[in-house]
Protein chains: 4
Amino acid sequence: MTRPPSTRRAGPAKRATASAGPRAVRGTPEETRARLVAAAGAAFEHDGYFGTDTNRIAKAAGYAPGTFYKHFADKAEIFVAVYEAWIAREWDGVAAIVADARTPTEKAARIADAVLEHHRAWPGLRASLRALVATEPAIRRAHRASRRIQMARMAELGLDDVGKNAILLLTVERIADAIADGELRELGMGDDEARGRLVAVIEDRLRGR
Amino acid sequence: MTRPPSTRRAGPAKRATASAGPRAVRGTPEETRARLVAAAGAAFEHDGYFGTDTNRIAKAAGYAPGTFYKHFADKAEIFVAVYEAWIAREWDGVAAIVADARTPTEKAARIADAVLEHHRAWPGLRASLRALVATEPAIRRAHRASRRIQMARMAELGLDDVGKNAILLLTVERIADAIADGELRELGMGDDEARGRLVAVIEDRLRGR
Amino acid sequence: MTRPPSTRRAGPAKRATASAGPRAVRGTPEETRARLVAAAGAAFEHDGYFGTDTNRIAKAAGYAPGTFYKHFADKAEIFVAVYEAWIAREWDGVAAIVADARTPTEKAARIADAVLEHHRAWPGLRASLRALVATEPAIRRAHRASRRIQMARMAELGLDDVGKNAILLLTVERIADAIADGELRELGMGDDEARGRLVAVIEDRLRGR
Amino acid sequence: MTRPPSTRRAGPAKRATASAGPRAVRGTPEETRARLVAAAGAAFEHDGYFGTDTNRIAKAAGYAPGTFYKHFADKAEIFVAVYEAWIAREWDGVAAIVADARTPTEKAARIADAVLEHHRAWPGLRASLRALVATEPAIRRAHRASRRIQMARMAELGLDDVGKNAILLLTVERIADAIADGELRELGMGDDEARGRLVAVIEDRLRGR
DNA sequence: GATGAATGAGACTTCATTCAT
DNA sequence: GATGAATGAAGTCTCATTCAT
């Protein structure tokens, strides 16, 4: 999943070919699924979970409405897929940085930047996530499972105080969201200062604090 | 606005109860409005913004659907009213504690408990808020305005580093949400420890750090 | 419920007024409900339960799609209402004849004609009924309840052998359906002969056989 | 076509089992066709004509969706094939009994039992049939043709009063359906008594009455 | 002969909103 | 001020059918 396209949502288009339109065999189910997940990510980001619909997602991915339901049982299921892809990408980035960077200072700075970029690209997705976790049981379950994976990832990176890890996870997430949302800027804190605080929080933890 | 029922929704919202709402009163416009706001708060909390509808809110408040639109221009407007009432109550509580308590330590502990209780009572409302801020321009604007009021309230309480205030605001909010959601408990941190960390964050700030 | 109009189903019509169309307040909920039941009866008769849809029923009754769902929870519920109205009318007719006619011979003849007319007017409704009873639990339940009412009605009319009553019920129903369907005519039996046999079955029972 | 599973559907059809059907065979067209008819029979019985779909039928038979349409023009056509196989099996059984049994009494008893067993095994199929005959012209035509064959079969068995034959046909069918459905049991008539009446009707006819 | 990904019209249902009373 | 029947656009999901391989 890459950054969402900046295109604005188009209105409902006219019916294209009346019937027996050109049938475009697109390839493997995996490719189709991936295209749908990408389109859904962009749509959720842009318009929110309740601001798009599955027909629009399918069309954006280049498919007819019915195709969506060959790959996902319902709208919630594709949201989970989008979220899981998003999280996996974030942590793959973090793991690569940890493996590559030398000092805790360098690690913290690069992790902060990577996380920040990732959140900045998907603020709407994250906002939808919180509302859905509160409301949709299936998404709540998937989110909890994802949390456990994240905690395990932290342990793999050598951080072993579960309580501190949990606080770090939530704090980093919330600060990154706030910066991405522009909340801090509107409150009078410059992006540089905000980033500095984020780095400090991470570095503290990497140094065992 | 009082606390919502503690039942948590377990699936798609059930059809509302068939019988009419509590009473068919004719009071002042202010009373009607207040009843609608209270009913909306409970509904948003229970089912989420997109999980209720204005007819249900009106009926729960004891009114007919049309009455809703005599008092609010649309669904977003009543959400803003609910949110503003919620925030005002929280800060009235904080201000009362600050006026009443003696030491920073006592203030921090009592503020943390008050905030925690307030968040614990309304987790669904808060989740809806974030999604709506990302998606609905009217609600986003109202939220920003509310933030400015909160920053002013902090200044009134004698806290004058805007950057630190902003971080405190977001951190307290996020930790309180996480405890209220049970996120920390599921990650292995007991409620007591979580509360301790929340108190510490507040006390630090009250001591100028 | 009277006989269905013989008009043939119209194709989907163009959207009429774009928005803010003329709002036609039609009267009491009971009237609306009755209009919907009448339209549904005609539609089920014409096109079968699976051959119509709730939007078409609403439009045929002079309402918008949403109005349907203010009066019936779903399509099955209105089918039950249609069926119950149908049965009630049939038995009201039978009861009136029993009260009015003198001899078993006269009763039998007039009952047979009334039943025949009622079945002839609604063959499609009856065919849908059997399929739905096999498949839709809600409709099955309603049908069983209706059967019990019919058996009670027979007892009220002074027929007290439950086994014979049950056989009579099913036999009359089946022969009436067959005549109405034209099954017998296609098999070489004239309508007069078929009616004669039906009368005989009823008269036998009225004479205690 | 063998007997369907005795499980009765309790609600809206569940999504089919995810795994593919029994095997991916390549046999003669006749074998493929026969497998499709068998799977369709079971599906129609279980879920009703409108409660299954052709993809599910194909998969249950071990084939891909497209294969279905190599063997049947549409869904109605396979229903006709299922029905014709069902009827043929019933009458083959009856003919064998007539050839084998000695007295009218024995014939009647054995025919009743065979018919009863056949109806008891396929109540859902029969219910769908009636609805489709009322609604789908192609199925109506096929049903009428089948009736003529049945009348001819009766003549072959030596019964020559067309009117009486027609009545017998419908009566036996209806009583057998009612016993199979459990309608009579719910109306207070035991299965033994019901069967007795069925035997009597047949025996009467065999004795020329 | 078989595949199976894809189609797309359309059914069922919801809900924010209106307006005549 | 309140009512509440009615609206109608729109969203979720289904399924008979096709066709390129």
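Protein chains get the first letters and strands the later ones, always in sequence-line order, with residue 1 at the start of each.
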[X] [atom1] to [N] [atom2]: how many Å, rounded?
X	N	atom1	atom2	value
B:Glu30	F:dG1	CD	P	10 Å
A:Glu31	E:dA6	CD	C1'	14 Å
A:His71	E:dA5	NE2	P	7 Å
C:Lys59	E:dG10	NZ	C1'	14 Å
A:Asp47	F:dG11	CG	P	11 Å
D:Asp53	E:dG10	CG	P	18 Å
B:Phe72	E:dT18	CZ	C1'	18 Å
D:Ile78	F:dT17	CD1	P	12 Å

Please list, chain by chain and in numerical order, all residues satisfying salt bridge (Lys or Arg N to Asp or Glu O under 4.0 Å) with D:Arg33, sequence neighbours excluded.
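For D:Arg33 there are no salt bridge (Lys or Arg N to Asp or Glu O under 4.0 Å) partners, ignoring immediate neighbours.
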Of the options [options], whose atoms approach the side-chain atoms of [X] most closely?
X	options	answer
C:Thr32	F:dA5, E:dT14, E:dC15	F:dA5
D:Thr67	E:dT13, E:dT17, E:dA2	E:dA2
B:Lys75	F:dT12, F:dA16, E:dA16	E:dA16
D:Tyr63	F:dG11, F:dG8, E:dT3	E:dT3
B:Arg56	E:dA6, E:dC15, E:dA16	E:dC15
D:Thr54	F:dA6, E:dT13, F:dA16	F:dA16

Contacts of type side chain to side chain contact (heavy atoms under 4.5 Å, CB included), residue B:Thr54, not counting sequence neighbours:
B:Phe68, B:Tyr69, B:Lys75
Check side chain to side chain contact (heavy atoms under 4.5 Å, CB included) between A:Ala43 and all other residues, then give those that pass, not counting sequence neighbours.
A:Thr52, A:Ile57
Residue met sooner reading DNA chain F from 5', once A:Tyr69 and C:Gly66 are mapped to nucleotides:
C:Gly66
Between C:Pro65 and D:Pro65, which residue's closest nucleotide on DNA chain F lies nearer the 5′ terminus?
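On the 5' side of the pair lies C:Pro65.
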Of B:Phe68 and A:Pro29, whose closest DNA chain E nucleotide lies nearer the 5' terminus?
A:Pro29
Most 5' of C:Ala73 and A:Ala64 on DNA chain E, judged by nearest nucleotide:
A:Ala64
Give one of base, sugar-phosphate or nothing for D:Asn55, where a contact means two heavy atoms less than 4.0 Å apart.
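Base contact.
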Do B:Leu36 and B:Ile78 come within less than 4.5 Å of each other through their side chains, counting heavy atoms only?
yes
Below 4.0 angstrom from OP1 or OP2 of E:dA2, is there any side-chain N or O of D:Lys70?
no
Looking at residues at least two apart in the chain, or sitting in another chain, which of them share a ring-ring contact (aromatic ring centres under 6.0 Å, His included) with D:Phe79?
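Only D:Phe44, D:Tyr49 meet the ring-ring contact (aromatic ring centres under 6.0 Å, His included) criterion with D:Phe79.
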Looking at residues at least two apart in the chain, or sitting in another chain, which of them share a ring-ring contact (aromatic ring centres under 6.0 Å, His included) with B:His143?
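Checked B:His143 against ring-ring contact (aromatic ring centres under 6.0 Å, His included); matches are B:Tyr83.
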Between the base of F:dC13 and the side chain of A:Asp74, is there a donor and acceptor pair under 3.5 angstrom?
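Check fails, no donor-acceptor contact within cut-off.
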Would you say the side-chain atoms of A:Glu77 pair up with the backbone N or O of A:Phe72, donor to acceptor, closer than 3.5 Å?
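Flag not set: sc A:Glu77 to bb A:Phe72 has no pair under 3.5 Å.
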According to a 3.5 Å limit on both distances, what stems of 3 or more consecutive Watson-Crick or G-U pairs are formed with DNA chain F?
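Stems (3+ consecutive pairs) listed as E:2-21 with F:2-21.
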In Å, rounded to the nearest 0.5 Å, how long is the span from CZ of B:Arg130 to CG of B:Leu125?
13.5 Å
